> 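Structure below; questions to follow.
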Amino acid sequence: MLDRDYDPKDIEQKWYAIWLEKNYFHAQEHDDSRPPYTIVIPPPNVTGVLHMGHALNNTLQDIMIRYKRMDGFNALWMPGTDHAGIATQNVVEKALAEKGISRHDLGRDAFIDEVWKWREKHGGLIISQLKRLGASCDWDRIRFTMDDGLSNAVRKVFVALYQDGLIYRSDYIVNWCPRCHSALSDLEVEHEEEDGYLWHIRYPLADGSGEVVVATTRPETMLGDTAVAVNPTDERYKAMIGKDLILPVMNRRIPIIADALVDKEFGTGAVKVTPAHDLNDYEMSLRHGLEVIVIIDESGNMNANAGPYNGLDRFECRKRLETDLQDQGFLVDKTHYRVPVGKCYRCKTTIEPYLSKQWFVKTRSLADEAVKAVQEGRTRIIPRNWEKVYYEWMNNIRDWCISRQIWWGHRIPAWYCDECEEVIVSETEPAGCSKCKSRTLRQETDVLDTWFSSGLWPFSTMGWPEHTETLKRFYPTDVLITGFDILFFWVARMMMLGLRFMNDVPFRDVYLHALVRDEQGQKMSKSKGNIVDPIVEMDKYGADAFRFALTAFAAMGRDVRISDKRIQGYRFFINKIWNAGKFVLANIQGFDPRSMALDTAKLGLAEKWILFELNKAVREARKALDEYRYNDVADILYQFTWHTFCDWYIELSKSMLNTDGAQYTRWVLHYVMKSILELLHPIIPFVTEEVWQCLPGRESESIVIASYPKERPEFVFTEDAELMSYIIEVISGVRSIRGETGISPSVMLDVVIRVPESKLQSLIGAHSVHIKDLARVAQVKFINHDGERPKKCALAVTKGLEVYVPLEGVVDIDKETERLTKQMGKVKKELEEKNKKLNNPNFVEKAKREVVEEQLKIKEGLEFELQSLQKAYSLLLG
RNA sequence: AGGCACGUAGCUCAGGGGGAGAGCACCACCUUGACGCGGUGGGGGUCCAGGGUUCAAAUCCCUGCGUGCCUACCA
C-alpha cells in the first residue's frame with residue numbers, strides 16, 4: 001500500500017539498488033532475439049561534478065534508452081569518464097599546491113601516480129551522481145579513456161595515421177598557454193574583445209631618406225620584427241619596397257617587403273612582421289624567406305633576443321618599451337582600440353602565439369569523408385540547422401594540433417634516436433633505433449589532446465581493435481545525444497575517426513540539445529554565482545520532478561532556462577500521479593485483471609472514451625519520442641494524466657464503481673493507470689516503479705523491463721468518444737454558469753437540454769448520470785427542437801446543444817443578463833469576422849475546399865449560438 | 001566582420017499560413033471520502049516595429065531595432 005504522501009528520497013534509493021542488483025541495465029552481446037539499440041555517453045571529466053548540462057544530457061539519453069529497452073530492444077548505454085588532460089592536471093596540481101608541492105618537485109612519474117590516486121579517491125563522484133539521477137547505464141562496461149584497452153586503441157590509431165602520412169610533426173605557430181605551458185588546439189582558445197590600444201611607431205629608412213610608420217596592438221613584439229610589409233599595389237610605399245629600415249631600439253636592419261595579405265586601408269597600410277609570434281607573420285616569413293627571431297619564452301617572459309628587455313614579463317615589457325619609444329621619439333600615436341584577445345579555455349590566461357614543434361593530424365581528407373557521410377544521410381544531424389554549421393566548419397578545417405606539453409594523458413608513441421635523430425613511431429617501445437640500431441632512444445614527452453582519445457570513444461569502448469562481439473552487435477550506435485557546444489571538439493572528430501577506422505559512421509543520429517542557462521538566460525558560471533546545482537534540486541524536489549522539468553524544457557534548438565518554480569510545479573505533478581495511484585489501488589482491491597476476459601462491448605461510455613484518449617496519447621507520445629521532441633512528450637503525458645485521466649475519468653469513475661459495470665471500470669482504471677506509469681517511466685523512473693509495483697497483474701517483475709504501451713486497435717471507439725465530448729461540454733457549460741453567476745456548489749440544480757435530434761437526445765439521456773454527478777444536477781430534462789424553451793434560465797450553448805439552468809429562486813437574474821450580454825458581444829465579433837471572410841469571393845474561390853467548409857461550419861455554429869443567446873436573453877427578461 | 005537563433009499573457013516558454021496556447025502568478029468560489037502539492041470557474045495578449053507575398057500572415061520573405069550564441073589570421 002502506498003503511503004499518504006510521496007517521499008522521493010527513500011524510494012529512489014531503494015529502486016535504484018534493486019535495478020542494479022537485478023542487472024536490468026545490462027545489454028547482451030549474444031542475444032539474437034531483439035534488435036540492438038546503442039547510445040554511448042558523452043564521457044564526463046573524471047574531475048567533474050554533476051552540473052545542469054550533465055543532468056539534461058543524461059536525462060535525455062536515459063529517456064531514449066529506457067524507452068527502447070521497454071519497447072523490445074537490446075538496449076546498451078555505454079558509460080564512462082574522460083581523463084580530461086589539462087583539466088585534471090590542473091585540479092591535481094592545485095591540490096598538491098595546498099601542500100606546498102609542485103609537480104616538478106615530484107617529477108613526471110610520481111606526479112602521474114598522484115593523478116591516478118586522485119582519480120581513485122574522487123573520480124567516482126560524477127558516476128554516483130549520475131546514478132542518483134537514475135541513469136540506466138550498463139555500469140558493468142564502464143570505461144575510462146586512460147584504461148589499458150582504450151590506451152591501446154589510441155596508440156594503434158596514432159601509428160596507423162602516422163603510417164598513412166596523416167600525422168606529421170612540424171614547426172608551427174600554435175596557441176600557447178604560458179600558464180599551462182602547453183600548446184592548445186584552435187578550438188581550445190576563447191576569443192574575446194578587450195579595450196586596448198593601437199600604437200603607431202616610426203621606423204626610419206636605413207638610408208635616411210624617410211620613414212615608415214607601422215600600426216600595432218602589440219608593440220613588444222617589434223623586438224622580434226624581421227621585416228615590414230606593405231601591399232604591392234600601395235602607391236605610398238611602392239618606391240620603398242626592397243629598401244631597409246632600422247628597427248628602433250634594437251637597431252637592426254630589416255627589409256620592406258610586399259605582400260598581398262596586407263590591407264591598405266588598415267592603420268597606416270604598413271605592417272610590422274614578427275614571424276615567431278604571429279601566425280600571419282610566420283606564413284609571410286615562409287613566403288619571403290625571412291629570419292625568425294623568438295623573443296618570448298614559454299612562460300611569457302622576454303628572452304635574450306629581446307636585448308635590454310630580457311627577463312621581463314611580456315606585459316611589463318610593453319610598458320617599458322612604450323616609455324622608451326616615446327623618449328626616443330619613435331612613438332607617433334597611441335589610440336584606443338578594441339583588441340581581439342585569445343584566452344586559454346581552462347585558465348583564461350592570454351594566449352601567446354608561439355613558434356614550436358608540434359604534432360598535427362592532417363584533417364582535409366578525413367573531413368571530406370565526414371562531410372560526405374552527412375550529405376548522404378548516413379548520419380543525420382538533429383535539429384537540421386546544425387548541419388550547415390557542421391559543413392561550414394568541416395570545409396574550413398585546419399590541421400589539428402594534437403600534442404600537449406603536459407604530463408597527464410596518452411604519451412605520444414614516438415621515440416627519438418640520440419645518435420641519428422631518427423623518429424620511430426610504434427605501438428610498443430622499440431628496442432633500438434630502426435635506422436642506426438642505437439640503444440639510446442628518448443620517448444616524446446608530449447601527450448595527446450584529450451579529444452584524440454575521446455574521438456575514438458564509440459568504438460574504443462566496445463573493445464576495438466579487437467573484433468569483439470560487442471562491436472559487431474552494437475556499432476554503429478543509434479544516436480549520440482550531446483550539447484551543441486562540443487559539435488566540433490568531439491562530434492566532428494568521432495565522425496572523422498569512426499569513418500577512418502570502422503569504415504562506418506559512429507552514429508545514425510546526432511541529437512544536439514541546447515545549453516542550460518539560469519532563469520534570466522545567462523550562462524551559468526561560478527563567478528556570476530548563478531549556478532543551479534542539480535543535486536540541490538533533487539534534494540528539494542526529487543529526481544523525478546527534476547527530470548520531468550528538464551524534459552519539458554528541452555524544446556528542440558532552444559536554450560533551457562531552468563526555473564526552480566517550474567521544477568516545483570512538476571513536483572506537484574509527481575504527487576498527482578502518486579495520488580491517482582492511491583485512488584486506483586483503493587478502488588481495485590481484490591481485483592485481478594487477468595481473471596477477467598475483456599469484452600469491449602460491455603464497456604461503459606466513459607471507459608470507451610478514456611481508452612480512446614489513451615490510444616491517442618500513446619500514439620502521440622511515441623511519435624514525439626521517435627522524433628526527439630522531448631518537450632512534446634512531457635506535455636502530452638502531463639496533459640493526459642492530469643487533465644484527462646485525473647480530472648475527468650477518475651471523477652467519472654467514482655459513480656460507476658457502485659454500478660453493475662464496476663468490474664469494467666476497475667479494469668479500465670487499472671489498465672489506464674498502468675499505461676500511464678509505463679508511458680512516463682522513461683522520464684520519471686522512480687515514482688512510476690513504486691506505484692506500478694503495487695498494481696496487480698504485472699507481467700514482468702519491474703517496470704524497467706515492462707513493455708512500452710502500444711496503440712490498441714480494439715480501443716478505437718470514435719463514436720463513443722464523440723458522444724462523451726457532448727457530455728463533457730454539457731458539464732462544463734453548467735459549471736461555467738454556476739461559477740459566473742455565483743451559484744454555490746452545494747445547491748443542486750435542474751437542467752434542461754435542448755437537443756437538435758432525438759437520437760442524440762436518447763444517447764445523452766442514457767448517460768445523464770455523468771451530468772448529474774459531475775455538474776451536481778438533480779434532474780436532467782430534454783426538449784426537442786419544437787419544444788418551448790424554459791423561461792428565466794441561464795444558458796450555455798455548445799456543439800449545437802442548448803443547456804438551460806432555471807434560475808428562479810436560485811440566483812439574481814441580473815448576473816446572468818450581464819453574462820449573456822458579454823457572451824453575445826464576443827460571439828457577434830467573431831461572427832462578423834467570419835462573415836467578412838466568407839463574403840469575400842476570393843476566399844471562397846481560392847481557398848481549399850476543406851477550409852471553406854470548415855469556416856462555414858464554424859459560422860453556422862456561431863450563428864446558432866448567437867440566436868440561442870438572444871432568445872434566452874429575451875426569455876430571461878420576459 | 002560574417003553566420004545562426006530568438007523577441008507571443010505579469011514571469012518562463014510551446015505553437016506556427018485559416019477561430020491566440022500551457023505552466024506558474026493573479027481573481028472568485030469550494031472541508032465532494034486520491035490529492036489544498038487539490039477542485040471548479042474566470043480575468044489578462046496592436047504574437048518587437050515597418051514593408052512585401054497571399055483570398056488569408058503571429059506564422060513565409062525583406063528591412064530595422066533589441067537580445068543571445070558561434071565562427072574569424074585585419075596588424
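Both backbone and side-chain heavy atoms feed into the values below; hydrogens, waters and symmetry mates do not. Residue numbers begin at 1 in each chain, while the letters A, B, ... track the order of the sequences. As the structure is a computational prediction, the values presented were derived from the model and not from experiment.
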> Within the structure shown, what part of the strands sits under 4.0 Å from A/Leu862 by heavy-atom distance: base, sugar-phosphate, or nothing?
base
> Can you tell me how far C1' in B/rU12 sits from the matching atom in B/rU54, rounded to whole Å?
34 Å
> Measure distances between side-chain N and O atoms of A/Glu740 and base N and O atoms of B/rG42, and say whether any donor-acceptor pair falls under 3.5 Å.
no
> Measuring only between side-chain heavy atoms, which start at C-beta, is A/Lys9 closer than 4.5 Å to A/Asp7?
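When only atoms from C-beta onward are counted, A/Asp7 and A/Lys9 do touch, with a gap below 4.5 Å.
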> In whole Å, I'd like the distance from the NZ atom of A/Lys822 to the C1' atom of B/rG43.
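Distance, rounded to whole Å: 8 Å.
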> What does B/rG45 pair with, Watson-Crick or G-U, if both distances are under 3.5 Å?
none
> Has A/Tyr6 got a side-chain N or O lying under 4.0 Å from the OP1 or OP2 atom of B/rA34?
no
> Can you confirm if the aromatic rings of A/Phe546 and A/Tyr541 lie within a centre distance of less than 6.0 Å?
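Aromatic pair excluded; centres sit 6.0 Å or further apart.
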> For B/rC29, which nucleotide in any strand shown is its Watson-Crick or wobble partner with both distances under 3.5 Å?
B/rG39
> For A/Arg735, which contact category applies under a 4.0 Å heavy-atom criterion: base, sugar-phosphate, or nothing?
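Sugar-phosphate: the residue A/Arg735, judged by heavy atoms under 4.0 Å, touches backbone atoms but no base.
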> With a 4.5 Å cut-off on side-chain heavy atoms, are A/Trp386 and A/Val510 touching?
no
> Touch check for A/Gln855, heavy atoms < 4.0 angstrom, all strands: base, sugar-phosphate only, or nothing?
sugar-phosphate
> In this structure, is the centre-to-centre distance between the rings of A/Tyr630 and A/Tyr511 below 6.0 Å?
yes
> Would you indicate which nucleotide in B/rA72, B/rU12, B/rA34 comes nearest to any side-chain atom of A/Arg566?
B/rU12
> Could you tell me whether the phosphate oxygens of B/rC55, OP1 or OP2, come under 4.0 Å of any side-chain nitrogen or oxygen in A/Lys846?
yes
> Which part of the nucleic acid, if any, lies within reach of A/Pro340 when heavy atoms closer than 4.0 Å are counted: base, sugar-phosphate only, or nothing?
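Sugar-phosphate contact only.
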> In whole Å, measure the gap between the P atoms of B/rC69 and B/rU40 for me.
42 Å
> Rounding to a whole Å, what distance do you find between A/Asn385:CG and B/rC70:C1'?
12 Å
> Suppose you measure atom C1' in B/rA58 against the same atom in B/rG43; what distance do you get, rounded to whole Å?
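Here B/rA58 and B/rG43 have their C1' atoms 22 Å from each other.
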> Rounding to an integer number of angstrom, what distance separates B/rG39 and B/rG50 when you compare their P atoms?
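That atom pair is separated by 41 Å.
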> Could you say whether A/Phe488 or A/Lys388 is positioned toward the 5' end of RNA chain B, judged by the nucleotide with the nearest heavy atom to each?
A/Lys388
> Applying a 4.0 Å non-hydrogen cut-off, can you work out what A/Ile650 is touching in the nucleic acid: base, sugar-phosphate, or nothing?
base
> Of the candidate nucleotides B/rA75, B/rG18, B/rG41, which contains the atom at the shortest distance from the side chain of A/Ala847?
B/rG18
> Distance between the C1' atoms of B/rA9 and B/rC26, in whole angstroms?
11 Å
> Taking only N and O in the side chain of A/Thr274, is any of them less than 4.0 Å away from OP1 or OP2 of B/rA75?
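Result: no.
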> Under 3.5 Å, is there any donor-acceptor pair linking the side chain of A/Glu651 to the base of B/rA34?
yes
> Can you check whether A/Lys834 has a side-chain N or O nearer than 4.0 Å to OP1 or OP2 of B/rG19?
yes
> Whom does B/rG50 pair with, Watson-Crick or G-U wobble, provided both distances fall under 3.5 Å?
B/rC62
> Give, for atom CZ of A/Phe583 and atom OG of A/Ser653, the distance between the pair rounded to the nearest 0.5 Å.
4.0 Å
> Look at the side-chain N and O atoms of A/His643 and state whether any lies under 4.0 Å from the OP1 or OP2 oxygen of B/rG23.
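Looking at the OP1 and OP2 atoms of B/rG23, one of them is under 4.0 Å from a side-chain N or O of A/His643.
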> Is the CD atom of A/Glu863 crowded by more than 12 outside heavy atoms at less than 6.0 Å?
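Counting neighbours around CD of A/Glu863, more than 12 heavy atoms of other residues, nucleotides or ligands fall under 6.0 Å, so yes.
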> Could you identify the nucleotide paired to B/rG2, looking across every strand shown and requiring Watson-Crick or G-U wobble geometry with both distances under 3.5 Å?
B/rC70
> In the strands shown, is B/rC24 matched to any nucleotide by a Watson-Crick or G-U wobble pair with both distances under 3.5 Å, and which?
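B/rG10 - that is the nucleotide pairing with B/rC24, both distances being under 3.5 Å.
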> Is there side-chain contact between A/Tyr6 and A/Ile574, with heavy atoms separated by less than 4.5 Å?
yes
> What is the distance, to the nearest angstrom, from the NZ atom on A/Lys654 to the P atom on B/rU32?
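After rounding, the gap between these two atoms is 10 Å.
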> Side-chain N or O of A/Lys837 less than 4.0 angstrom from OP1 or OP2 on B/rG18?
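A/Lys837 to B/rG18 OP1/OP2: no side-chain N or O under 4.0 Å.
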> For the residue pair A/Leu680 and A/Tyr638, establish whether any side-chain heavy-atom pair is separated by less than 4.5 Å.
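Not touching, per the 4.5 Å side-chain cut-off.
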> I'd like the C1' distance from B/rG15 over to B/rA57, given in whole Å.
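My reading of the C1' atoms in B/rA57 and B/rG15 gives 15 Å.
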> What do you reckon, is NE2 of A/His336 surrounded by more than 12 foreign heavy atoms closer than 6.0 Å?
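Counting other residues, nucleotides and ligands, NE2 of A/His336 stays at 12 neighbours or fewer.
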> A/Phe583 CZ to B/rC35 P: how many Å, rounded?
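After rounding, the gap between these two atoms is 10 Å.
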> Measure NZ/A/Lys582 against C1'/B/rC35 and give the value in whole Å, please.
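Going from NZ in A/Lys582 over to C1' in B/rC35 covers 6 Å.
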> A/Trp642 side chain N/O closer than 4.0 Å to the phosphate oxygens (OP1, OP2) of B/rG39?
yes
> So A/Tyr337, base contact, sugar-phosphate only, or nothing? Heavy-atom distance under 4.0 Å.
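Counting heavy atoms under 4.0 Å across all strands, the contact made by A/Tyr337 is with sugar-phosphate only.
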> With sugar-phosphate meaning primed atoms plus P, OP1 and OP2, does A/Asp647 contact a base, only sugar-phosphate, or nothing at under 4.0 Å between heavy atoms?
sugar-phosphate
> B/rC61 and B/rC4: how far apart are their P atoms, nearest whole angstrom?
12 Å
> If the threshold is 4.0 Å, N to carboxylate O, is there a salt bridge linking A/Arg287 and A/Glu283?
no
> Looking at every strand, decide which applies to A/Leu279 at a 4.0 Å heavy-atom threshold: base, sugar-phosphate, or nothing.
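The residue A/Leu279 makes no contact with any strand.
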> Does a nitrogen or oxygen in the side chain of A/Gln568 sit under 4.0 Å from OP1 or OP2 of B/rC24?
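Checking A/Gln568 against B/rC24: no side-chain N or O falls below 4.0 Å of OP1 or OP2.
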> Look at the side chain of A/Phe484 and decide which nucleotide, out of B/rC24, B/rA34, B/rC69, has an atom nearest to it.
B/rC69
> Output the rounded distance in Å from CG (A/Leu261) to C1' (B/rA72).
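Computing the A/Leu261:CG to B/rA72:C1' distance gives 13 Å.
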> For A/Arg819, which contact category applies under a 4.0 Å heavy-atom criterion: base, sugar-phosphate, or nothing?
nothing
> Just say parallel, tilted or perpendicular for the rings of A/Tyr570 and A/Phe548, cut-offs at 30° and 60°.
tilted
> Is any side-chain N or O of A/Lys576 under 3.5 Å from a base N or O of B/rC35, one able to act as donor and the other as acceptor?
yes
> Just checking A/Asp263: base, sugar-phosphate only, or nothing, at a heavy-atom cut-off of under 4.0 Å?
base
> A/Ile737 CD1 to B/rU40 P: how many Å, rounded?
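Interatomic distance, CD1 of A/Ile737 to P of B/rU40: 17 Å.
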> Taking the side chain as every heavy atom from C-beta outward, state whether A/Leu831 and A/Leu866 have any pair of such atoms under 4.5 Å apart.
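Yes. Closest side-chain heavy atoms under 4.5 Å.
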> Just the rounded figure in Å: distance from P of B/rA75 to CD1 of A/Ile173.
16 Å
> Got a list of protein N/O to nucleotides 27-29 of chain B N/O distances below 3.5 Å?
none

> RNA chain B: A/Ile731 or A/Asn587, which has the more 5' nearest nucleotide?
A/Asn587
> Sticking with atom C1', work out how far B/rG66 lies from B/rC30, rounded to a whole angstrom.
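That atom pair is separated by 46 Å.
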> Establish, with yes or no, whether the OP1 or OP2 oxygen of B/rG19 is under 4.0 angstrom from a side-chain nitrogen or oxygen of A/Lys857.
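Negative; the distance criterion is not met.
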> NA contact type, A/Val271, heavy-atom cut-off 4.0 Å: base, sugar-phosphate, or nothing?
base
